[in-house]
Novice: 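Here it is, the structure, as structure tokens.
Counting convention: from 1, in listed order, for ligands and their atoms alike.
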Amino acid sequence: MHFYEVLDDMFNEFEEYKDIKKGKGVRGTLITTISPKSIKLAAVVEAIHLASLLHDDVIDEATLRRGVLSINAKYGDFTAVMLGDIIYSRAFYELTSFNEKVAKIISNAVYLLSQGELEDVKLSKEMNLDKEKYLQMIYKKTASLIEASCKAAALEEGYDEDDFGLYGKNIGIAFQIIDDLLDITQDEKTLGKPSMLDFKEGKMTLPYIYLYEALDEADREKLKSLYKKDLSETEKEWIKNKMNELGIISKCYNEAKELVEEAKKAITEYNIPKLEIIAEKIVDRKF
Ligand code: FPP
Ligand code: MG
């Protein structure tokens, strides 16, 4: 049985759930790759992730998720928040049937990702130029649950939790850096949501932080004047061209690649080729 079937069995009774399109299932796939027997754990983590996205789309006022109307756009914020709560609480109910260490690792990650989301909201209020703050935030918001998934699955298999935790942390940070790059480099059709939305939402992701650092004074002023604005095609092109000219896109891409190499190093001794493939796919993807 696939973890997505377990997830469907849990939530199909809720009619709005049927309108949610499946994602890449990165977290669930990592868990079942490390620990093939851990299908229920994979479903629990995917449920937590799904709940967090339902809430995130309300917070971000997003109308599209995975190329289809988001639940908040289709049914309103209240429904999206409550459906998120239903999915989230069922996931925690299921988590109590796992051993205490596994339950603590996963629940602590949810504590962290909620803090990460709050930090994301706070950092979006004004132009953040602090790379460390950005990295802390994406570690919490995205990498913590990926790290926890790998740790918990490792524990279920009797592997070293720290080796797999390091793998998960590094691919998690790389995953979010790539996500933030794709927001700039890809078009709406590929992304399943409008392009260059982050900057409009006030999110100073890594490419924007590096761009600001590399620009001269006049161009910095221009970038500042575009911050949080609805960008025209010409303005979008200006930002993209500057990023390309100054080597920002490849700089971010290479940083993500380095993290992936670190990740692979942490688990080489276990010889699980699929984990290396997943790590590479995280940087070599279009959406
Ligand atoms: C997506 O970020 C958001 C997250 C990975 C975490 C969101 C967490 C919460 C809303 C806390 C609530 C938690 C639970 C379990 C109910 P993004 O906006 O950068 O990505 P996107 O472009 O895919 O929206
Ligand atoms: Mg969002």
Novice: For atom 22 (O) of ligand 1, grab the closest protein heavy atom and report residue, atom and distance to one decimal in Å.
Specialist: K193 NZ, 2.6 Å
Novice: Checking a contact table here: which protein heavy atom is nearest atom 7 (C) of ligand 1, and how many Å away?
Specialist: E117 OE1, 3.2 Å
Novice: Among all protein heavy atoms, pick the one closest to atom 23 (O) of ligand 1 and tell me residue, atom and distance.
Specialist: R65 NH1, 2.8 Å
Novice: What are the atoms of ligand 1, with element, lying closer than 4.0 Å to any heavy atom of Y88?
Specialist: 15 (C)
Novice: Whether the side chain of D183 engages the backbone of L197 through a donor-acceptor N/O pair (distance < 3.5 Å, no angle test) should be reported.
Specialist: yes
Novice: Side chain, backbone, both or neither: which part of D60 has a heavy atom under 4.0 Å from ligand 1?
Specialist: side chain
Novice: A quick test of your reading: do over 12 heavy atoms of other residues, nucleotides or ligands sit less than 6.0 Å from CD of E237?
Specialist: yes
Novice: Between K133 and E119, does any NZ, NE, NH1 or NH2 come within less than 4.0 Å of an OD or OE carboxylate oxygen?
Specialist: no
Novice: Could you check atom 8 (C) of ligand 1 against the protein and tell me its nearest heavy-atom contact, residue, atom and distance included?
Specialist: L113 CD1, 3.3 Å
Novice: Of the protein's non-hydrogen atoms, which lies at the shortest distance from atom 10 (C) of ligand 1, and what is that distance?
Specialist: S52 O, 3.4 Å
Novice: Flag the pair D60 and R65 as a salt bridge only when some basic side-chain nitrogen lies within less than 4.0 angstrom of an acidic carboxylate oxygen.
Specialist: no
Novice: Ignoring hydrogens and angles, state whether a donor on the side chain of Y270 or E157 is under 3.5 Å from an acceptor on the partner side chain.
Specialist: no
Novice: Among the heavy atoms of H49, does any lie under 4.0 Å from an atom of ligand 1?
Specialist: no
Novice: Anything under 30° is parallel, anything over 60° is perpendicular, the rest tilted; go ahead and classify Y208 against F199.
Specialist: parallel
Novice: Would the distance check show the side chain of R27 and the main-chain N or O of I146 forming a donor-acceptor pair, the cut-off being under 3.5 Å?
Specialist: no
Novice: Can you list the atoms of ligand 1 that are under 4.0 Å from a heavy atom of V110?
Specialist: 15 (C)
Novice: Counting no waters, how many protein N/O/S atoms sit under 2.8 Å from the Mg ion (ligand 2)?
Specialist: 2
Novice: Taking the six-membered ring of Y139, is NZ or CZ of K169 closer than 6.0 Å to its centre and within 45° of its axis?
Specialist: yes
Novice: Do the charged groups of E213 and K251 touch, with an N to O distance under 4.0 Å?
Specialist: no
Novice: Distance to 0.1 Å, residue and atom name: give those for the protein heavy atom nearest to atom 1 (C) of ligand 1.
Specialist: D56 OD2, 3.4 Å
Novice: Just to be sure I'm reading this right: ignoring hydrogens, which of H55, R66, K141 gets closest to atom 5 (C) of ligand 1? Compare them by their nearest heavy atoms.
Specialist: K141
Novice: Among residues at least two apart in sequence or on other chains, which ones pass side-chain hydrogen bond (donor to acceptor under 3.5 Å, both in side chains) with R285?
Specialist: D179
Novice: Name the option, out of G23, S114, G172, A91, that contains the heavy atom nearest to atom 12 (C) of ligand 1.
Specialist: S114
Novice: Within a strict 4.5 Å, meaning less than it, do heavy atoms of the F11 and L50 side chains meet?
Specialist: no
Novice: Under 3.5 Å, is there a donor-acceptor pair between the side chain of Y227 and the main chain of G202?
Specialist: yes
